[in-house]
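Read through the structure below, which is laid out as C-alpha coordinates, and then see the notes.
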Amino acid sequence: MIKDITIGQYFPGDSPVHKLDARFKIVITAIFIIMLFSADNFISLGAALLFFVLSFAVSKLPLKLILKSMRPIVPVIVITSLLNLFFIDGVTVISIWKINITQQGLRTSLFMIIRLIALISGSSLLTYTTSPITLTDAIEQMLKPLEKIKFPAHELAMMMTIALRFIPTLIEETDKIMSAQKARGAELDSGTFIERGKALIPILIPLFVSSFRRAEELALAMECRCYNGGEGRTKLKVLVSGGSDFAALCTAILFWCAVLLLNVYTYL
Amino acid sequence: MMIKTEKLTYTYSQGTPFEKTAVNGVDLEIEEGTLVGIIGHTGSGKSTLIQHFNGLIKPTSGKVFIDGEDIYDKSVNIRDVRFKVGLVFQYPEYQIFEETVFKDIAYGPKNMGLGEDEIKERVMQTAELLGISPELMERSPFELSGGQKRRVAIAGVMAMRPKVLILDEPTAGLDPKGRAMIFGQIRDYHEKSGSTVLVVSHSMEDVADFAQKILVMDHGKKFCYATPPEVFARAEEISAIGLSVPQVTKIFSLLREKGIDIRTDVYTVPFAVKTIKEYLEKEGQLP
(Lines give C-alpha, C1' and ligand atoms only; values in the text may rest on other atoms or scores of the structure.)
Protein backbone atom coordinates (compact mmCIF):
# COMPACT_ATOMS: atom_id res chain seq x y z
CA MET A 1 0.00 0.00 0.00
CA ILE A 2 2.69 2.43 1.04
CA LYS A 3 4.80 1.51 -1.98
CA ASP A 4 2.09 2.90 -4.28
CA ILE A 5 3.00 6.47 -3.39
CA THR A 6 4.98 7.60 -6.40
CA ILE A 7 4.77 11.38 -6.22
CA GLY A 8 8.31 12.67 -6.13
CA GLN A 9 9.92 9.47 -7.27
CA TYR A 10 12.66 9.75 -9.81
CA PHE A 11 12.50 7.40 -12.77
CA PRO A 12 15.96 7.30 -14.31
CA GLY A 13 16.22 7.66 -18.07
CA ASP A 14 18.16 9.13 -20.93
CA SER A 15 15.51 11.06 -22.85
CA PRO A 16 15.74 14.73 -23.96
CA VAL A 17 13.31 15.58 -21.15
CA HIS A 18 15.63 14.00 -18.59
CA LYS A 19 18.54 15.98 -19.99
CA LEU A 20 16.85 19.39 -19.88
CA ASP A 21 18.22 21.91 -17.41
CA ALA A 22 16.18 21.47 -14.22
CA ARG A 23 15.62 25.22 -13.87
CA PHE A 24 13.99 25.29 -17.30
CA LYS A 25 11.93 22.26 -16.43
CA ILE A 26 10.56 23.99 -13.35
CA VAL A 27 9.67 27.09 -15.36
CA ILE A 28 8.10 25.01 -18.12
CA THR A 29 6.04 23.08 -15.58
CA ALA A 30 4.88 26.39 -14.10
CA ILE A 31 3.92 27.59 -17.58
CA PHE A 32 2.04 24.34 -18.14
CA ILE A 33 0.07 24.84 -14.93
CA ILE A 34 -0.77 28.44 -15.91
CA MET A 35 -1.73 27.12 -19.33
CA LEU A 36 -4.19 24.69 -17.76
CA PHE A 37 -5.78 27.41 -15.68
CA SER A 38 -5.97 29.92 -18.50
CA ALA A 39 -7.79 27.46 -20.73
CA ASP A 40 -11.48 28.35 -20.84
CA ASN A 41 -12.92 25.79 -23.20
CA PHE A 42 -12.30 22.23 -24.31
CA ILE A 43 -10.43 23.28 -27.44
CA SER A 44 -7.84 25.38 -25.63
CA LEU A 45 -7.63 22.73 -22.90
CA GLY A 46 -6.95 20.28 -25.72
CA ALA A 47 -4.00 22.41 -26.83
CA ALA A 48 -2.55 22.33 -23.31
CA LEU A 49 -3.08 18.57 -23.19
CA LEU A 50 -1.31 18.21 -26.51
CA PHE A 51 1.72 19.91 -24.97
CA PHE A 52 1.68 17.41 -22.12
CA VAL A 53 1.23 14.40 -24.42
CA LEU A 54 4.15 15.55 -26.57
CA SER A 55 6.45 16.06 -23.57
CA PHE A 56 5.38 12.72 -22.17
CA ALA A 57 6.06 10.95 -25.47
CA VAL A 58 9.54 12.51 -25.65
CA SER A 59 10.29 11.48 -22.05
CA LYS A 60 9.80 7.77 -22.93
CA LEU A 61 8.30 7.03 -19.51
CA PRO A 62 6.02 4.00 -19.24
CA LEU A 63 2.32 4.98 -19.31
CA LYS A 64 1.76 2.85 -16.20
CA LEU A 65 3.76 5.33 -14.14
CA ILE A 66 1.38 8.20 -14.85
CA LEU A 67 -1.60 6.03 -14.01
CA LYS A 68 0.09 5.08 -10.76
CA SER A 69 0.70 8.71 -9.79
CA MET A 70 -3.01 9.25 -10.30
CA ARG A 71 -4.09 6.72 -7.68
CA PRO A 72 -3.74 8.85 -4.53
CA ILE A 73 -5.80 11.72 -5.97
CA VAL A 74 -8.74 9.63 -7.20
CA PRO A 75 -10.86 10.60 -4.14
CA VAL A 76 -10.17 14.30 -4.76
CA ILE A 77 -11.17 13.95 -8.40
CA VAL A 78 -14.35 12.07 -7.53
CA ILE A 79 -15.43 14.57 -4.86
CA THR A 80 -14.72 17.63 -7.02
CA SER A 81 -16.52 16.23 -10.00
CA LEU A 82 -19.54 15.18 -7.93
CA LEU A 83 -19.79 18.61 -6.28
CA ASN A 84 -19.65 20.28 -9.67
CA LEU A 85 -22.10 17.80 -11.12
CA PHE A 86 -24.81 18.35 -8.54
CA PHE A 87 -24.50 21.96 -7.49
CA ILE A 88 -24.30 23.98 -10.66
CA ASP A 89 -27.50 25.57 -11.87
CA GLY A 90 -28.52 25.56 -15.49
CA VAL A 91 -30.50 23.57 -18.02
CA THR A 92 -31.55 20.29 -16.37
CA VAL A 93 -30.64 17.16 -18.27
CA ILE A 94 -31.46 14.40 -15.80
CA SER A 95 -33.46 14.79 -12.63
CA ILE A 96 -33.45 12.17 -9.88
CA TRP A 97 -35.62 12.86 -6.81
CA LYS A 98 -34.53 16.37 -5.71
CA ILE A 99 -31.19 16.36 -7.45
CA ASN A 100 -30.84 17.96 -10.85
CA ILE A 101 -27.96 17.32 -13.14
CA THR A 102 -27.49 20.23 -15.50
CA GLN A 103 -25.76 20.65 -18.80
CA GLN A 104 -23.44 23.23 -17.26
CA GLY A 105 -22.74 20.92 -14.33
CA LEU A 106 -21.78 18.07 -16.65
CA ARG A 107 -19.52 20.34 -18.65
CA THR A 108 -17.76 21.88 -15.65
CA SER A 109 -17.26 18.57 -13.92
CA LEU A 110 -15.74 16.95 -17.01
CA PHE A 111 -13.56 20.04 -17.48
CA MET A 112 -12.37 19.81 -13.89
CA ILE A 113 -11.55 16.10 -14.16
CA ILE A 114 -9.38 16.65 -17.22
CA ARG A 115 -7.71 19.69 -15.65
CA LEU A 116 -6.91 17.90 -12.39
CA ILE A 117 -5.54 14.83 -14.13
CA ALA A 118 -3.38 16.98 -16.40
CA LEU A 119 -2.19 19.01 -13.42
CA ILE A 120 -1.01 16.00 -11.46
CA SER A 121 0.49 14.12 -14.38
CA GLY A 122 2.20 17.28 -15.65
CA SER A 123 3.88 17.97 -12.34
CA SER A 124 4.78 14.32 -11.79
CA LEU A 125 6.48 14.40 -15.17
CA LEU A 126 8.87 16.95 -13.64
CA THR A 127 9.69 14.81 -10.61
CA TYR A 128 9.85 11.60 -12.63
CA THR A 129 12.45 13.01 -14.99
CA THR A 130 14.52 15.05 -12.52
CA SER A 131 16.44 13.60 -9.61
CA PRO A 132 15.51 15.24 -6.30
CA ILE A 133 19.04 16.54 -5.80
CA THR A 134 19.07 18.30 -9.18
CA LEU A 135 15.64 19.67 -8.46
CA THR A 136 16.61 21.31 -5.18
CA ASP A 137 19.83 22.52 -6.75
CA ALA A 138 17.78 24.26 -9.40
CA ILE A 139 15.46 25.76 -6.80
CA GLU A 140 18.45 27.04 -4.86
CA GLN A 141 19.84 28.71 -7.97
CA MET A 142 16.51 30.26 -8.83
CA LEU A 143 16.14 31.65 -5.31
CA LYS A 144 19.71 32.92 -5.19
CA PRO A 145 18.86 36.53 -6.13
CA LEU A 146 16.63 36.67 -3.05
CA GLU A 147 19.66 36.19 -0.83
CA LYS A 148 20.28 39.91 -1.24
CA ILE A 149 17.26 40.53 0.96
CA LYS A 150 18.52 37.95 3.51
CA PHE A 151 16.38 35.12 2.20
CA PRO A 152 18.07 31.82 3.27
CA ALA A 153 18.09 30.20 -0.19
CA HIS A 154 20.85 27.71 0.51
CA GLU A 155 19.45 26.65 3.87
CA LEU A 156 16.02 26.20 2.36
CA ALA A 157 17.43 24.10 -0.45
CA MET A 158 19.46 22.03 2.00
CA MET A 159 16.38 21.37 4.10
CA MET A 160 14.47 20.32 1.00
CA THR A 161 17.30 18.06 -0.12
CA ILE A 162 17.40 16.39 3.26
CA ALA A 163 13.64 16.05 3.42
CA LEU A 164 13.51 14.55 -0.07
CA ARG A 165 16.47 12.33 0.65
CA PHE A 166 14.70 10.88 3.68
CA ILE A 167 11.31 10.26 2.07
CA PRO A 168 12.31 6.82 0.73
CA THR A 169 14.11 6.02 3.97
CA LEU A 170 11.08 6.91 6.02
CA ILE A 171 8.77 5.00 3.69
CA GLU A 172 11.00 1.98 4.03
CA GLU A 173 11.14 2.43 7.79
CA THR A 174 7.35 2.75 8.01
CA ASP A 175 6.99 -0.36 5.92
CA LYS A 176 9.34 -2.25 8.19
CA ILE A 177 7.65 -1.11 11.39
CA MET A 178 4.25 -1.92 9.91
CA SER A 179 5.42 -5.41 9.02
CA ALA A 180 6.90 -5.88 12.48
CA GLN A 181 3.69 -4.82 14.21
CA LYS A 182 1.61 -6.89 11.81
CA ALA A 183 3.79 -9.84 12.75
CA ARG A 184 2.74 -9.17 16.35
CA GLY A 185 -0.89 -9.28 15.30
CA ALA A 186 -1.64 -5.58 14.77
CA GLU A 187 -4.76 -4.99 12.70
CA LEU A 188 -4.18 -1.96 10.57
CA ASP A 189 -6.84 -2.07 7.92
CA SER A 190 -10.03 -3.03 9.68
CA GLY A 191 -12.13 -1.75 12.54
CA THR A 192 -13.88 1.52 13.28
CA PHE A 193 -12.32 4.93 12.74
CA ILE A 194 -11.18 5.23 16.36
CA GLU A 195 -9.79 1.68 16.41
CA ARG A 196 -7.81 2.43 13.29
CA GLY A 197 -6.46 5.59 14.83
CA LYS A 198 -5.37 3.65 17.88
CA ALA A 199 -3.76 1.01 15.70
CA LEU A 200 -1.49 3.74 14.31
CA ILE A 201 0.16 4.40 17.68
CA PRO A 202 2.44 1.33 17.50
CA ILE A 203 3.63 2.62 14.14
CA LEU A 204 3.92 6.34 14.76
CA ILE A 205 5.85 6.16 18.04
CA PRO A 206 8.72 4.03 16.71
CA LEU A 207 8.72 6.16 13.56
CA PHE A 208 9.11 9.38 15.55
CA VAL A 209 11.77 7.87 17.76
CA SER A 210 13.82 6.77 14.79
CA SER A 211 13.33 10.07 12.91
CA PHE A 212 14.73 11.99 15.87
CA ARG A 213 17.62 9.56 16.13
CA ARG A 214 18.35 9.94 12.42
CA ALA A 215 18.14 13.72 12.58
CA GLU A 216 20.58 13.81 15.45
CA GLU A 217 23.01 11.47 13.71
CA LEU A 218 22.82 13.47 10.49
CA ALA A 219 23.41 16.77 12.28
CA LEU A 220 26.44 15.27 13.97
CA ALA A 221 27.79 13.87 10.72
CA MET A 222 27.37 17.24 9.01
CA GLU A 223 29.12 19.03 11.82
CA CYS A 224 31.98 16.52 11.72
CA ARG A 225 32.50 17.52 8.09
CA CYS A 226 32.58 21.20 9.05
CA TYR A 227 29.33 22.09 7.34
CA ASN A 228 28.56 25.72 8.04
CA GLY A 229 25.94 26.81 5.55
CA GLY A 230 26.01 28.12 2.02
CA GLU A 231 28.59 30.89 2.17
CA GLY A 232 31.54 30.23 -0.12
CA ARG A 233 30.29 26.80 -1.01
CA THR A 234 30.87 25.58 -4.58
CA LYS A 235 28.97 22.96 -6.54
CA LEU A 236 30.25 19.66 -7.85
CA LYS A 237 27.73 19.66 -10.64
CA VAL A 238 27.01 23.09 -12.06
CA LEU A 239 23.75 23.42 -13.96
CA VAL A 240 24.30 24.52 -17.54
CA SER A 241 21.66 25.62 -19.98
CA GLY A 242 21.95 25.25 -23.74
CA GLY A 243 20.04 25.69 -26.96
CA SER A 244 17.69 22.79 -26.39
CA ASP A 245 16.61 24.29 -23.05
CA PHE A 246 15.64 27.56 -24.71
CA ALA A 247 13.92 25.67 -27.52
CA ALA A 248 11.83 23.76 -24.97
CA LEU A 249 10.95 26.98 -23.16
CA CYS A 250 9.91 28.63 -26.42
CA THR A 251 7.72 25.65 -27.29
CA ALA A 252 6.00 25.92 -23.93
CA ILE A 253 5.40 29.64 -24.41
CA LEU A 254 4.09 29.05 -27.94
CA PHE A 255 1.62 26.49 -26.61
CA TRP A 256 0.52 28.95 -23.96
CA CYS A 257 -0.11 31.57 -26.64
CA ALA A 258 -2.05 28.98 -28.59
CA VAL A 259 -4.18 28.25 -25.54
CA LEU A 260 -4.90 31.96 -25.06
CA LEU A 261 -5.80 32.36 -28.73
CA LEU A 262 -8.05 29.31 -28.75
CA ASN A 263 -9.91 30.75 -25.77
CA VAL A 264 -11.78 32.98 -28.23
CA TYR A 265 -13.98 30.00 -29.09
CA THR A 266 -15.56 30.40 -25.65
CA TYR A 267 -17.03 33.72 -26.67
CA LEU A 268 -18.04 32.92 -30.23
CA MET B 1 6.18 -30.94 7.68
CA MET B 2 6.04 -27.57 9.44
CA ILE B 3 7.13 -25.29 6.63
CA LYS B 4 7.00 -26.24 2.98
CA THR B 5 7.52 -24.08 -0.06
CA GLU B 6 6.93 -24.94 -3.69
CA LYS B 7 8.81 -23.03 -6.39
CA LEU B 8 8.61 -19.88 -4.27
CA THR B 9 9.56 -16.79 -6.30
CA TYR B 10 9.41 -13.13 -5.37
CA THR B 11 10.29 -10.17 -7.58
CA TYR B 12 10.60 -6.65 -6.18
CA SER B 13 9.30 -3.62 -8.13
CA GLN B 14 8.14 -5.73 -11.02
CA GLY B 15 7.91 -3.80 -14.29
CA THR B 16 10.28 -0.96 -13.32
CA PRO B 17 14.01 -0.47 -13.90
CA PHE B 18 14.53 -1.42 -10.24
CA GLU B 19 13.13 -4.92 -10.81
CA LYS B 20 14.97 -7.57 -8.82
CA THR B 21 14.20 -11.22 -8.18
CA ALA B 22 14.99 -11.71 -4.51
CA VAL B 23 13.79 -15.27 -4.14
CA ASN B 24 14.00 -17.59 -7.10
CA GLY B 25 12.16 -20.93 -7.26
CA VAL B 26 12.84 -22.15 -3.75
CA ASP B 27 11.62 -25.64 -2.80
CA LEU B 28 11.99 -26.27 0.89
CA GLU B 29 10.74 -28.65 3.57
CA ILE B 30 11.41 -27.96 7.23
CA GLU B 31 10.38 -30.58 9.79
CA GLU B 32 8.60 -29.68 13.03
CA GLY B 33 10.86 -28.92 15.98
CA THR B 34 14.03 -28.30 13.97
CA LEU B 35 16.43 -25.51 14.89
CA VAL B 36 17.42 -24.16 11.49
CA GLY B 37 20.17 -21.68 10.67
CA ILE B 38 19.70 -19.67 7.47
CA ILE B 39 22.83 -18.16 5.99
CA GLY B 40 23.73 -16.28 2.86
CA HIS B 41 25.48 -13.02 2.16
CA THR B 42 23.73 -9.65 1.91
CA GLY B 43 21.11 -9.68 -0.82
CA SER B 44 20.90 -13.46 -1.06
CA GLY B 45 17.16 -13.35 -0.32
CA LYS B 46 17.18 -14.61 3.27
CA SER B 47 15.07 -11.81 4.69
CA THR B 48 12.65 -11.84 1.79
CA LEU B 49 12.26 -15.61 2.07
CA ILE B 50 11.32 -15.59 5.75
CA GLN B 51 8.75 -12.84 5.31
CA HIS B 52 6.77 -15.25 3.15
CA PHE B 53 6.43 -17.67 6.04
CA ASN B 54 4.00 -15.52 8.00
CA GLY B 55 2.19 -13.91 5.12
CA LEU B 56 3.84 -10.50 5.15
CA ILE B 57 4.71 -10.63 1.48
CA LYS B 58 2.79 -12.43 -1.17
CA PRO B 59 4.88 -14.59 -3.48
CA THR B 60 5.04 -13.55 -7.14
CA SER B 61 4.59 -17.25 -7.86
CA GLY B 62 4.77 -20.49 -5.93
CA LYS B 63 3.21 -21.66 -2.70
CA VAL B 64 3.89 -21.66 1.03
CA PHE B 65 2.46 -24.30 3.35
CA ILE B 66 2.58 -23.93 7.12
CA ASP B 67 1.48 -27.04 9.00
CA GLY B 68 0.09 -28.42 5.73
CA GLU B 69 -2.03 -25.33 5.07
CA ASP B 70 -1.57 -23.09 2.03
CA ILE B 71 -1.32 -19.72 3.80
CA TYR B 72 -2.12 -17.68 0.70
CA ASP B 73 -5.35 -19.55 0.14
CA LYS B 74 -8.43 -17.30 0.32
CA SER B 75 -10.03 -19.32 3.13
CA VAL B 76 -7.06 -18.79 5.45
CA ASN B 77 -7.11 -15.89 7.92
CA ILE B 78 -3.66 -14.37 7.62
CA ARG B 79 -3.75 -13.13 11.21
CA ASP B 80 -4.00 -16.70 12.52
CA VAL B 81 -0.95 -17.55 10.44
CA ARG B 82 0.93 -14.68 12.08
CA PHE B 83 0.14 -16.00 15.54
CA LYS B 84 1.33 -19.42 14.46
CA VAL B 85 4.54 -18.11 12.91
CA GLY B 86 6.28 -15.46 14.99
CA LEU B 87 8.73 -13.24 13.15
CA VAL B 88 11.40 -11.12 14.83
CA PHE B 89 12.78 -8.57 12.40
CA GLN B 90 16.30 -7.23 12.14
CA TYR B 91 16.95 -4.58 14.79
CA PRO B 92 13.63 -5.39 16.49
CA GLU B 93 14.25 -2.76 19.20
CA TYR B 94 13.06 -0.13 16.70
CA GLN B 95 9.52 -1.50 16.90
CA ILE B 96 9.22 -0.90 20.67
CA PHE B 97 6.54 1.69 21.45
CA GLU B 98 4.81 1.09 24.79
CA GLU B 99 5.27 3.01 28.03
CA THR B 100 6.53 0.04 30.01
CA VAL B 101 8.50 -3.08 29.23
CA PHE B 102 5.61 -5.23 30.45
CA LYS B 103 3.11 -3.57 28.12
CA ASP B 104 5.42 -3.88 25.16
CA ILE B 105 5.95 -7.61 25.62
CA ALA B 106 2.20 -7.99 26.21
CA TYR B 107 1.27 -6.30 22.90
CA GLY B 108 1.38 -9.50 20.82
CA PRO B 109 -0.42 -11.75 23.34
CA LYS B 110 -3.04 -9.01 23.79
CA ASN B 111 -3.66 -8.93 20.05
CA MET B 112 -4.25 -12.67 20.25
CA GLY B 113 -7.20 -11.95 22.52
CA LEU B 114 -5.83 -13.79 25.57
CA GLY B 115 -7.10 -13.14 29.10
CA GLU B 116 -5.29 -10.91 31.64
CA ASP B 117 -3.90 -13.78 33.71
CA GLU B 118 -2.70 -15.73 30.71
CA ILE B 119 -0.98 -12.61 29.34
CA LYS B 120 0.71 -11.93 32.66
CA GLU B 121 1.89 -15.52 33.00
CA ARG B 122 3.29 -15.52 29.46
CA VAL B 123 5.00 -12.15 29.78
CA MET B 124 6.69 -13.02 33.07
CA GLN B 125 7.75 -16.47 31.88
CA THR B 126 9.22 -15.11 28.63
CA ALA B 127 10.96 -12.26 30.44
CA GLU B 128 12.57 -14.74 32.79
CA LEU B 129 13.73 -16.91 29.90
CA LEU B 130 15.37 -13.87 28.28
CA GLY B 131 16.94 -12.65 31.49
CA ILE B 132 14.84 -9.50 31.79
CA SER B 133 14.64 -8.92 35.53
CA PRO B 134 11.21 -8.27 37.12
CA GLU B 135 12.17 -4.79 38.35
CA LEU B 136 12.61 -3.71 34.73
CA MET B 137 9.02 -4.57 33.86
CA GLU B 138 7.57 -1.22 34.94
CA ARG B 139 10.39 0.85 33.43
CA SER B 140 10.12 2.61 30.09
CA PRO B 141 11.69 0.44 27.38
CA PHE B 142 13.37 3.53 25.92
CA GLU B 143 15.56 3.86 29.00
CA LEU B 144 17.12 0.41 28.56
CA SER B 145 20.47 -0.42 27.02
CA GLY B 146 20.69 -1.65 23.43
CA GLY B 147 21.05 -5.30 24.38
CA GLN B 148 18.19 -5.12 26.87
CA LYS B 149 15.93 -3.43 24.32
CA ARG B 150 16.75 -6.17 21.84
CA ARG B 151 15.76 -8.85 24.35
CA VAL B 152 12.51 -7.06 25.20
CA ALA B 153 11.64 -6.94 21.50
CA ILE B 154 12.42 -10.63 21.05
CA ALA B 155 10.35 -11.43 24.15
CA GLY B 156 7.42 -9.59 22.55
CA VAL B 157 7.30 -12.21 19.82
CA MET B 158 8.25 -15.22 21.96
CA ALA B 159 5.42 -14.43 24.40
CA MET B 160 2.97 -15.20 21.61
CA ARG B 161 4.28 -18.78 21.82
CA PRO B 162 4.27 -19.35 18.07
CA LYS B 163 4.68 -22.86 16.67
CA VAL B 164 7.40 -21.47 14.45
CA LEU B 165 9.74 -18.72 15.62
CA ILE B 166 11.80 -16.90 13.02
CA LEU B 167 14.55 -14.46 13.96
CA ASP B 168 16.27 -12.26 11.37
CA GLU B 169 19.84 -11.50 12.45
CA PRO B 170 18.94 -11.42 16.15
CA THR B 171 22.45 -10.49 17.20
CA ALA B 172 23.31 -7.84 14.59
CA GLY B 173 25.22 -4.97 16.15
CA LEU B 174 25.72 -6.63 19.55
CA ASP B 175 29.03 -7.32 21.26
CA PRO B 176 30.27 -10.94 21.59
CA LYS B 177 28.88 -11.24 25.09
CA GLY B 178 25.43 -10.05 24.04
CA ARG B 179 25.59 -12.36 21.05
CA ALA B 180 26.40 -15.43 23.09
CA MET B 181 23.64 -14.52 25.54
CA ILE B 182 20.95 -14.21 22.87
CA PHE B 183 22.00 -17.38 21.07
CA GLY B 184 21.95 -19.25 24.39
CA GLN B 185 18.46 -17.95 25.12
CA ILE B 186 17.21 -18.92 21.68
CA ARG B 187 18.54 -22.43 22.26
CA ASP B 188 16.81 -22.56 25.65
CA TYR B 189 13.56 -21.45 24.08
CA HIS B 190 13.88 -24.12 21.42
CA GLU B 191 14.51 -26.85 23.99
CA LYS B 192 11.73 -25.79 26.35
CA SER B 193 9.03 -25.12 23.80
CA GLY B 194 9.92 -27.79 21.26
CA SER B 195 8.86 -25.40 18.51
CA THR B 196 10.47 -24.95 15.14
CA VAL B 197 13.03 -22.13 15.23
CA LEU B 198 14.64 -20.43 12.23
CA VAL B 199 17.56 -18.10 12.75
CA VAL B 200 18.93 -15.93 9.95
CA SER B 201 22.57 -15.00 10.29
CA HIS B 202 25.51 -14.28 8.10
CA SER B 203 28.01 -15.65 10.51
CA MET B 204 28.79 -19.26 9.73
CA GLU B 205 30.49 -19.60 13.11
CA ASP B 206 27.32 -18.79 15.03
CA VAL B 207 25.11 -20.97 12.90
CA ALA B 208 27.51 -23.93 13.00
CA ASP B 209 27.42 -23.74 16.75
CA PHE B 210 23.74 -24.31 17.34
CA ALA B 211 21.79 -25.26 14.21
CA GLN B 212 20.49 -28.77 13.60
CA LYS B 213 20.04 -27.99 9.94
CA ILE B 214 21.45 -25.23 7.77
CA LEU B 215 19.82 -23.54 4.81
CA VAL B 216 22.34 -21.83 2.57
CA MET B 217 20.96 -19.18 0.22
CA ASP B 218 22.81 -17.82 -2.78
CA HIS B 219 21.45 -15.17 -5.17
CA GLY B 220 17.86 -15.91 -4.28
CA LYS B 221 18.25 -19.63 -4.79
CA LYS B 222 18.48 -22.46 -2.31
CA PHE B 223 22.11 -23.55 -2.38
CA CYS B 224 21.54 -26.42 0.04
CA TYR B 225 19.51 -27.46 3.06
CA ALA B 226 21.32 -30.06 5.13
CA THR B 227 22.88 -30.91 8.48
CA PRO B 228 26.00 -28.96 9.49
CA PRO B 229 28.47 -31.83 8.75
CA GLU B 230 26.96 -32.23 5.27
CA VAL B 231 27.14 -28.50 4.64
CA PHE B 232 30.70 -28.03 5.88
CA ALA B 233 31.91 -31.03 3.93
CA ARG B 234 31.32 -28.70 0.98
CA ALA B 235 33.55 -25.99 2.45
CA GLU B 236 35.13 -25.15 -0.89
CA GLU B 237 31.82 -24.56 -2.67
CA ILE B 238 30.64 -22.49 0.30
CA SER B 239 33.71 -20.29 0.02
CA ALA B 240 33.16 -20.00 -3.72
CA ILE B 241 29.74 -18.39 -3.21
CA GLY B 242 31.34 -15.81 -0.95
CA LEU B 243 30.52 -17.20 2.48
CA SER B 244 33.14 -17.86 5.05
CA VAL B 245 33.25 -21.24 6.73
CA PRO B 246 34.09 -21.42 10.45
CA GLN B 247 37.77 -20.89 11.19
CA VAL B 248 38.24 -24.46 12.47
CA THR B 249 36.83 -25.81 9.23
CA LYS B 250 39.29 -23.66 7.31
CA ILE B 251 42.18 -25.11 9.32
CA PHE B 252 41.13 -28.65 8.52
CA SER B 253 40.79 -27.86 4.82
CA LEU B 254 44.31 -26.41 4.89
CA LEU B 255 45.64 -29.47 6.71
CA ARG B 256 44.17 -31.66 4.03
CA GLU B 257 45.74 -29.50 1.34
CA LYS B 258 49.09 -30.07 3.04
CA GLY B 259 48.61 -33.78 2.46
CA ILE B 260 47.36 -34.79 5.88
CA ASP B 261 44.66 -37.43 5.67
CA ILE B 262 42.05 -35.90 7.98
CA ARG B 263 38.31 -35.32 7.74
CA THR B 264 37.16 -31.80 6.74
CA ASP B 265 33.58 -31.71 8.00
CA VAL B 266 34.71 -30.27 11.33
CA TYR B 267 32.95 -27.13 12.43
CA THR B 268 33.07 -26.86 16.22
CA VAL B 269 36.09 -26.55 18.46
CA PRO B 270 35.34 -29.55 20.74
CA PHE B 271 34.87 -31.77 17.72
CA ALA B 272 38.10 -30.44 16.25
CA VAL B 273 39.97 -31.41 19.41
CA LYS B 274 38.48 -34.89 19.24
CA THR B 275 39.35 -35.30 15.57
CA ILE B 276 42.95 -34.21 16.08
CA LYS B 277 43.33 -36.59 19.02
CA GLU B 278 41.95 -39.47 16.98
CA TYR B 279 44.29 -38.65 14.11
CA LEU B 280 47.36 -38.47 16.34
CA GLU B 281 46.42 -41.76 18.01
CA LYS B 282 46.03 -43.40 14.64
CA GLU B 283 49.44 -42.13 13.57
CA GLY B 284 50.87 -43.42 16.83
CA GLN B 285 52.08 -40.02 17.91
CA LEU B 286 50.15 -40.05 21.18
CA PRO B 287 51.15 -42.30 24.06
Side-chain angles (χ1 to χ4, degrees), chain A residues 1-6 9-15 18 60-69 128-129 131 168-191 195 198-214 217, chain B residues 12-18 47-48 50-57 77-99 103-114 140-142 149 153-160 162 164-168:
Chain A
M1 156 191 130
I2 236 159
K3 287 204 174 112
D4 292 339
I5 301 170
T6 53
Q9 246 183 37
Y10 177 47
F11 195 89
D14 200 26
S15 73
H18 283 86
K60 290 190 191 120
L61 290 176
L63 187 64
K64 233 170 58 189
L65 221 53
I66 289 293
L67 296 177
K68 229 173 140 193
S69 71
Y128 277 137
T129 56
S131 79
T169 316
L170 283 181
I171 289 180
E172 205 180 295
E173 185 99 13
T174 314
D175 231 20
K176 237 192 245 164
I177 295 170
M178 274 170 84
S179 300
Q181 305 302 23
K182 270 195 223 159
R184 293 163 86 191
E187 262 187 307
L188 301 174
D189 24 46
S190 56
E195 274 170 351
K198 272 191 183 157
L200 280 180
I201 295 174
I203 292 164
L204 291 180
I205 292 179
L207 197 61
F208 271 114
V209 172
S210 77
S211 306
F212 282 122
R213 186 175 41 83
R214 267 180 215 288
E217 280 168 8
Chain B
Y12 278 108
S13 314
Q14 209 167 17
T16 71
F18 307 109
S47 298
T48 313
I50 55 168
Q51 285 184 52
H52 284 95
F53 296 159
N54 75 341
L56 280 174
I57 40 186
N77 183 356
I78 207 75
R79 238 178 133 215
D80 295 336
V81 175
R82 285 180 191 149
F83 294 138
K84 214 190 263 178
V85 183
L87 180 59
V88 180
F89 278 82
Q90 234 174 82
Y91 297 103
E93 57 272 31
Y94 295 149
Q95 78 199 20
I96 287 175
F97 70 97
E98 279 285 11
E99 300 152 67
K103 277 192 192 167
D104 205 88
I105 302 177
Y107 179 68
K110 216 160 132 191
N111 282 331
M112 294 171 80
L114 300 172
S140 159
F142 294 102
K149 267 192 215 166
I154 294 176
V157 177
M158 275 187 184
M160 290 159 69
V164 181
L165 177 69
I166 308 173
L167 301 110
D168 192 353

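Throughout, protein chains are lettered first and strands after them, A, B, ... in sequence-line order, and every chain is numbered starting at 1. Predicted model, so just to flag it, every value in this text is computed and none were measured.
Judged by distance alone, the side chain of B:R82 and the main-chain N or O of A:A183 form no donor-acceptor pair under 3.5 Å. The backbone N or O of B:I96 lies less than 3.5 Å from no partner atom in the side chain of B:Y107, so there is not a single donor-acceptor pair.
For B:E99, the CD atom counts as loosely surrounded, since its 6.0 Å shell holds 12 or fewer non-hydrogen atoms of other residues, nucleotides or ligands.
Residue A:F208: no heavy atom, backbone or side chain, is found under 4.5 Å from chain B. Proximity to chain A (any heavy atom under 4.5 Å) is shown, for B:D80, by neither the backbone nor the side chain. In this structure, chain A has a heavy atom under 4.5 Å from the side chain of B:F83, while its backbone stays farther away. At a 4.5 Å heavy-atom cutoff, B:M112 makes no contact with chain A through either its backbone or its side chain. There is no contact between A:P62 and chain B, counting heavy-atom distances below 4.5 Å. At a 4.5 Å heavy-atom cutoff, A:S210 makes no contact with chain B through either its backbone or its side chain.
Looking at every heavy atom in both residues, A:E173 comes nearest to A:R213 through OE2-NH2, 4.4 Å. Shown here for A:A199 and A:P202, the closest heavy-atom pair between the two residues is O-CD, 3.1 Å. Here the closest non-hydrogen pair linking B:P141 and B:K149 is O-CG, 3.5 Å.
Your options are B:N54, B:L87, B:L56, and the one with the most heavy-atom pairs under 4.5 Å with chain A is B:L56.
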